Amino acid sequence: MMASSYNAKEEDGHHSGASSHGGAVAAKSKKPDNTAFKQQRLPAWQPILTAGTVLPAFFVIGLIFIPIGIGLYVTSNNIKEFEIDYTGVDNHSPCYSCANNFSWNSTTPCLCSVNFTLEQPFENNVFMYYGLSNFYQNHRRYVKSRDDSQLNGDQSALKNPSKECEPYRISDGQPIAPCGAIANSLFNDTLELYHIDSNGTRNAIPLVKKGIAWWTDKHVKFRNPGANANLTPAFQGTAKPVNWRKPVYELDPSEPDNNGFINEDFIVWMRTAALPTFRKLYRIIQKKSSTTATLPSGKYVLEITYNYPVLSFNGSKRMILSTISWMGGKNPFLGIAYITVGSICFCLGVVLLIIHHKYDNRNNSADIPN
Amino acid sequence: MARESGDAGTAKASKAKRQRKKKTKENKTRTVHANILYDHAKGEENPNRHYANNKIKTTKYTVLSFLPKNLFEQFHRFANVYFVFIALLNFVPVVNAFQPELALAPVVFILSVTAIKDLWEDYRRHRSDKEINHMDCLVFSRAQRRYVEKYWKEVRVGDFIRLRCNEILPADVLLLSSSDPDRLCHIETATLDGETNLKQRQVVRSFFDLDCDFDPLKYNSVIECEKPNNDLNRFRGYIIHRSGRKDALYKENLLLRGCTIRNTEEAVGIVIYAGHETKAMLNNNGPRYKRSKLERQMNVDVFWCVIILLVMCLFAAVGHGLWMFQYGDKRPVFDVLSPEGTDLSPIMSAIYLFLTMIIVFQVLIPISLFVSIEIVKICQVYFIHQDMDLYDEETDSHLQCRALNITEDLGQMQYIFSDKTGTLTENKMVFRRCTVAGVEYSHDANARRLAMYQEMDSEEEECTSHGGTLPRRDSVTSHHSAPVVLRSQSTKSHRRTGSRAEAKRASILSKHTAFSSPMEKDITPDPQLLDKVNECSSQMDFMRFHSQPISQLPSDLSDIIDFFIALTICNTVVVSSPNQPRQKVRMRFELKSPVKTIEDFIKRFTPSRLTSGSNSSSSSSLITNRSSNKGCSSMLSSPSAESTLTKLDEEQPPGGLDHAFSPVPPCYDGKPWNLEEGELRYEAESPDEAALVYAARAYKCSLVGRLPDQVTVELPHLGKLSFELLHTLGFDSTRKRMSVVVRHPLTDQITVYTKGADSVIMDLIKPPNTGNSKGKRQKKIVCRTQNYLNQYAADGLRTLCIAKKILSKDEYACWLQHHLEAETAIQGREELLFESALRLETNLQLLGATGIEDRLQDGVPETIASLRKAGLQIWVLTGDKQETAVNIAYACKLLDPEEEILTLNADSQEACALLLEESLHYIQAKFLCSSTDQAAKALHANFAPFEIYPSSSPSSSSHTVPFMVHRLGLVIDGRTLAYALDKNLEDKFLAVARSCRSVLCCRSTPLQKSMVVKLVRNKLKVMTLAIGDGANDVSMIQVADVGVGISGQEGMQAVMASDFALPRFRYLQKLLLVHGHWCYSRLANMILYFFYKNAMFVALIFWYQFYCGFSGSAMIDQWYLIFFNLMFSAFPQLITGTLDKDVSAETLQQLPQLYVNGQNSEEYKPYMFWMNMIDAFYQSLVCFFVPYFAYADSDVDLFTWGTPITTLALFTILLHLGIETKTWTWMNWLSISFSIALFFTVALCYNASCPTCYSPSNPYWTMQRLLQDPVFYLLCVITPVAALLPRYFYRACLGTLFPSPVQVGRQLDKLPAETRRNILSLSRVKVGSPLSPKPPFLSLTKPSPKGCNKKDQRSFSSSKTSQAKKGPVVQTDEEKGRRSPLGPTDSEKGLSDLYTLVPTDVDTLPYTKDTPPPPPPLSGEPRPPSTKDSERLDKTLEPSDQSLSSWITSTPLLSQTDRVQLTLPPDGDSQCVKYTRTSEEGPKSDHTVHPAHRTEQVAQQSLHTTL
């Protein structure tokens, strides 16, 4: 037993050698420094969580949150929003036939129009969204299926897109531009809005299609290949995505700076939605003057070029008109949440007050078991 | 892990055995030739070429092998393999979740951190190796025919090495020559075993008689010796000379590597073992690895995390399968085909997804947890090292943490197993009293002197404790440090420059080595005995002068002189004087060796010499003495004129007449030693020996020189006498005695002096022949001595018996014959020598006995009391005899005088079984009535061993619940322990032992110690700590969960085996109560927080799966996901894990009860893991769904939505940490702000750095936009608040409604120091109303009985509300029940609590009984108006130690103390068990009150049993 347990000095010769040579070290006292840090005596704030100490926090939170919540709720309620579903699921809806006779390669566009009435006028700028539901733009393989370099105008990526784009990378031996599943599934319905006058005439409402994408996306992230304005040669040797009807350089032939990769509808689509039910900004209806409403109340017609199939995955398509406030679109949730949390805090504060009142006096008469 | 190390130990042992077997079989020995013979034949022919050279290499890696080897080692850890597996999984395209390169980052980071740490350590080893390898030494070179300087690494086996004084040995060297005329070489082995006393090594016998210097060129012998092994105390072999003569080699011939040569100018030796084959290196085992209890618990929860992970992955996989399935053949556009374009079936994609999810959720298994724990532990160790309170100025040492990874175990200890000698006591032996020839000399003056020292000590103690940094022990050290400084400078000047620190060190050294603090040295002799010694020696002198046979001396006087001679010479003490540093005092005239051969014997013991004995040159010193004495005494006319002689001597001037004939004037008049003599230093291997030699010196019987063959003693009147030392039979623990065989210079008789444990010596006493008067006298002496021995033991003294034996020449010759045979035997030499010693040590004549006091260390009683209050069970395992142990136990408050003591002494298995059963019955009978049903049940289950311990999991509440710890003490002796530890009985033994408050195992062997620890640890499933200081504690230290070594007087073996090394026992208090508590609570909280953090973060992604078709998509950017743990949230938790203090150190020490927190694992119970998990899931739900609803049906994109969630999660996690943080220092604030700042900085940089990179998230400008969005800020406010609301509320409620003891402690901390001290001193037992100085509390400060009463009741009612406190409450009730008939009610108890707590007064008192009783502690105190007063006064008047120790206790004394003694009649078969139940108190003589006598009764009873 002795033999097995008889440990010599930790590092044997090391210590003896070191101590005999490093004489100065050995001579130094090993007494630890008396500093607050080394002795673990740093000045400290020591909060103790008891009803009494926590009480003010709850009331303060309650008192701050409830007004904020009310403010948010009011703001949200002031936002006007109109939503109309044009999927065409039931056979009474105007787009029923379009929805059911769909095929990706039909060349003739299917048109349908939906009538609706705005009860209240929409002031200021009105944002027009299209909304999809049950569309899993956040699917893992879907999200990955893009090539940012290609979209940034990189020539080599244009000809040789990233592997991530598989299986939407090569079509008929030619690289697809833009490659990947996201681009392939680009939303391609066209929406047009008409206001019907009191006298029955349809007035087309001007829809602004620029400024709907992030500025950084439009100007930094997305770029067309080639320097010159003419996109057709730049995209020479590439194929259009399988589901597309026209190549990327014909997305908006009318405006060169909204064509190709920097087409804003395309950019908006490429920013994959977080949740399966989402909306994407489609157009902006700018206010005309301060006196008249942007969208006066009345009858409207939504003309739809029905291209995009959603029925196969039980999806739905919507058109949304919404004004906007400093906190974005209409969403009463935050206001409600603030009010709720504030109230709960307040209630808990009251409970704590009672507890404090009842128990804190004899607080800690609890004995320490010996 | 400790178990494993234990196994390793046995494995090692068995391996060693196997090796030994192999050795005997193959007869493999090492043959060493001198290298110089082969200098010309380079390499090839050198027979030593196969042996390792002296170059050492302790590094693990080389430049090339580092990477593969280190990686290989790291992959031994399962977690690393797991993470690498996951990282590799990412490279499989079907299942990958992240960018494969990125996924590697955390693993690479973790691995490289560890690798860098390893590399650094290895580099340090390399540097120190290099330094050592390049040390110089002198090696003989044949070419140059002289010794040349070489590096250590160039030394080879077979080289001749010349060593000079103070050099360190480069290898294991066989000593061939020494400049010392005695052919000795002194070495200091401190680096090997920590013993700083010098050891003598002898030149190999064949080279002993060389007159001239050793010439390596003439050396032509061959050495055969053992293969290298790690046994420092063993070396065997023989040297074969060319002549064919063989000489045996012993360990005394071997100088070990690492030792330092001292006192020897030059020595030459041949290298036997070099480099890694030296014994020192073979003993170098490296640090041990233990796994702490917390880590074991953590691993269970890591396992649960794995389960949760798998469940989550499975859930997601099934979900994905179903999601796929609902689309059927219609493939939606967003469901992308696999890269190959093939359509995956739902089942296949579910399987793939399962793997993907494992990658995505990998964060749940906390990769950084292991690294973080290691970092935190290193910091904890650092802080423990830095603690000033654990620094011992005297020895300039502080606590060493030798095991780095079990700091938190210190906070969870339940059982402490302590050694006694050197651990509880100082191991500074002080001679107290002795009995010679049956007469006791009480040495009262000595006792008074010691009491004075003790007071002095304690006063200083108080000074330092208040002043903090006051220089300590100045008064003591100053008066003996001066000569010491001189000495150490002269010996060590070449390696240490003189400085203040050095002086201190030197004084320490002297104290340490020589066992010679003034307290031990200055013994005040008993006047009566001193007179007798003087009388005796003068008579002897007279008789010698008149050539009368000495045997005519009255036998009591001759006994006295023999007694002191025995004290002086029967030891191995080395004498040195301070003027000649560590140089022995040379008093010899001729070189002579002990009797080594028969011829020698015949030559030296010729009949003429044996009779005349004075005409030989061999005893010239004697002649000198004689002649001098002749001259001296010639002036004296009559031998009876003793007083005249004394007077004459006194009148003689020191340098006068006497000086002319005798080198040293005999001086017995009580004056201090004269200067010429200087102060002789005694360097003893054990402190007992030194104490005895100093004691003898006090009686002017002083040891002045010791050589291998002769001891010189100076006696009053007789001058210097040289005893021819024939043999020394050293001490061993089996014989428990040592003997010297000397030739008495006066009588020329061959005398054996034996000194040893009383139990052994008493058996060896020659049975007195009762026929004659001498025999009767002998018998009386033996009887009386035994009585006194018992008394000494009862007083807690260590007893030694001194005996002698006179051998006739024939007897000696006969014995010598055998002994020489034994000495020369090569095989089984030890056994033969042992038997030879046994043969000699028989039929002894008892001379007397000594009582040596081993003082308690400072603060031991307080430490034990406070550790006990902390809920620790303290067992003392000692090798001492029962009486001594019991009394030390009383003195250090291990046993309480009011406790009952169960004493178990049995001499057979059956008897032991019966005793245990009876004890159980007794405990049952006594405590069952008052204890709860639960306990009753538990007790009934006692006899079914496996039902007793249903709590196989340590979690099942506290161990005190089923088994109440009663106010019982258990004393068991070694023999009974051996029976009790038998497989059949161990359960019963444990059942008895665990219900006792304290357990004392006496006479236990090291093996038993470890067996007890192992038993308790394995059977009770408790955390055990073993503390000890000597080699005999090593096994116990290794077995326990935490081993603590005291770096005290007995060397370093215990320290080497320990996990923590303390300079003193009392530091254990702070180590456990403060650092243990902190380490535990910090680490426990950190681990829980880690689990929470990871679960909370991962759950966010899990919730998201419901909204992304279970596709394994993550809204959190993969960079955030991967670096969240490593960077953003890492620092605050490390800071909190390192610095958080729940309760201040002061409060923790003043309220030891808070330690229970760790014992019951209250910071980290299994349910807490799940609570944390539930909380984590709740919080993640909030953090997920608040943004979800806030952004529902909006145009938000994936990562613009995910980034706020990440931010929110970070805020929530940090705030959560904030709630859990108890102490906010600037570092906490800084780390949290740093974390947040770091996150935003990284996010902003990352989001601005590259518009096309970081696929797929490509978060360009996301953060920047978010910061402009008010909703982001609104979310950041509400989400953490909502997420943390429940926890915050819960904590607040808990803090108010059920404040834990820890919280009470924290509240105490907040009070001003003054108020806190008041409260703590007032209500030590119950902490009541401490929060604020409100009326009820204020009333407490005034000792009004009402207030106390109220308080007590209140605390009772409140404590009933909490389940956890059930045990103690029940116990209190029970105590109340027991006490109720006796009068004191609870209110009085409370009162007495107030008043009996006078700790400091009592602490400083010496614990032994015969010191004059201190002023009654209460005399100065205000006395409560209690009915118990009169009782108390009575007790105070009793001059017993009981009054002493009982005053200290916090509970009132019982007016009746029951003691149960369970003794069995010798016949084990008879079922009759005697219950002796005595009422101790009451109208009785103080004889029975004396606890000493109590145990004496026990001893006698048990003696009957054993007879």
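In the text below, chain A, chain B and the rest are named by the order of the sequence lines, each starting its count at 1. Remember, it's a predicted structure, so these values are computed and weren't measured experimentally.
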Asks: Just so I understand: if I count every heavy-atom pair under 4.5 Å between each of B/Asp1195, B/Ile1219, B/Asp335 and chain A, which residue has the most?
Replies: B/Asp1195

Asks: Determine whether the aromatic ring centres of residues B/Phe334 and A/Phe135 are separated by less than 6.0 angstrom.
Replies: yes

Asks: Counting only heavy atoms closer than 4.5 Å, note whether A/Ala57 contacts chain B via side chain, backbone, both or neither.
Replies: side chain

Asks: Pick one of side chain, backbone, both or neither for B/Ala1192, based on which atoms fall under 4.5 Å of a heavy atom in chain A.
Replies: backbone

Asks: Starting at CD1 of A/Ile61, measure out to CG of B/Leu1285 and round the result to the nearest 0.5 Å.
Replies: 7.0 Å

Asks: Heavy-atom distance under 4.5 Å to chain A: side chain of B/Tyr1191, backbone, both or neither?
Replies: backbone

Asks: Report the distance from atom CD1 of A/Ile320 to atom CG of B/Asp1193, rounding to the nearest 0.5 Å.
Replies: 5.5 Å

Asks: Can any side-chain N or O of A/Asn138 pair as donor or acceptor with the backbone N or O of B/Tyr1107 at less than 3.5 Å?
Replies: yes

Asks: Would you find a donor on one side and an acceptor on the other, under 3.5 Å apart, between the side chain of A/Arg271 and the backbone of B/Asp1197?
Replies: no

Asks: What's the shortest heavy-atom distance between B/Gly1109 and A/Tyr136, and which atoms?
Replies: N-CE2, 3.3 Å

Asks: Rounded to the nearest 0.5 Å, how far does OG1 of A/Thr50 lie from CZ of B/Arg1291?
Replies: 13.5 Å

Asks: Under 4.5 Å from any heavy atom of chain A, what part of B/Tyr327 do you find: side chain, backbone, both or neither?
Replies: side chain

Asks: Hey, what do you get for CG (A/Leu275) to OH (B/Tyr1188), rounding to the nearest 0.5 Å?
Replies: 5.5 Å

Asks: Kindly say whether B/Asp387 contributes a backbone atom to a donor-acceptor pair with the side chain of A/Lys38 at under 3.5 angstrom?
Replies: no

Asks: With a 4.5 angstrom heavy-atom cut-off, which part of A/Val351 approaches chain B: side chain, backbone, both or neither?
Replies: side chain

Asks: Check whether B/Trp1261 gets within reach of chain A through its side chain, its backbone, both or neither, counting any heavy atom under 4.5 Å.
Replies: both

Asks: Hydrogens and angles aside, do A/Asp148 and B/Tyr1254 bring a side-chain donor and acceptor to less than 3.5 Å of each other?
Replies: no

Asks: Parallel, tilted or perpendicular: which one describes the rings of A/Phe333 and B/Phe1189, with boundaries at 30° and 60°?
Replies: tilted

Asks: Look up atom CG in B/Asp1309 and atom CD1 in A/Ile48, then write down how far apart they are to the nearest 0.5 Å.
Replies: 7.5 Å

Asks: Between A/Gln39 and B/Gln386 (side chain of the first, backbone of the second, donor and acceptor by atom type, cut-off under 3.5 Å), is there such a pair?
Replies: yes

Asks: Specify whether B/Phe1289 and A/Phe58 have parallel, tilted or perpendicular ring planes, treating 30° as the upper limit for parallel and 60° as the lower limit for perpendicular.
Replies: perpendicular

Asks: Looking at B/Ser1111 and A/His139, would you say the former's side chain and the latter's main chain have a donor-acceptor pair under 3.5 Å?
Replies: no

Asks: Using heavy-atom distances under 4.5 Å, tell me whether B/Val1196 contacts chain A through its side chain, its backbone, both, or neither.
Replies: both

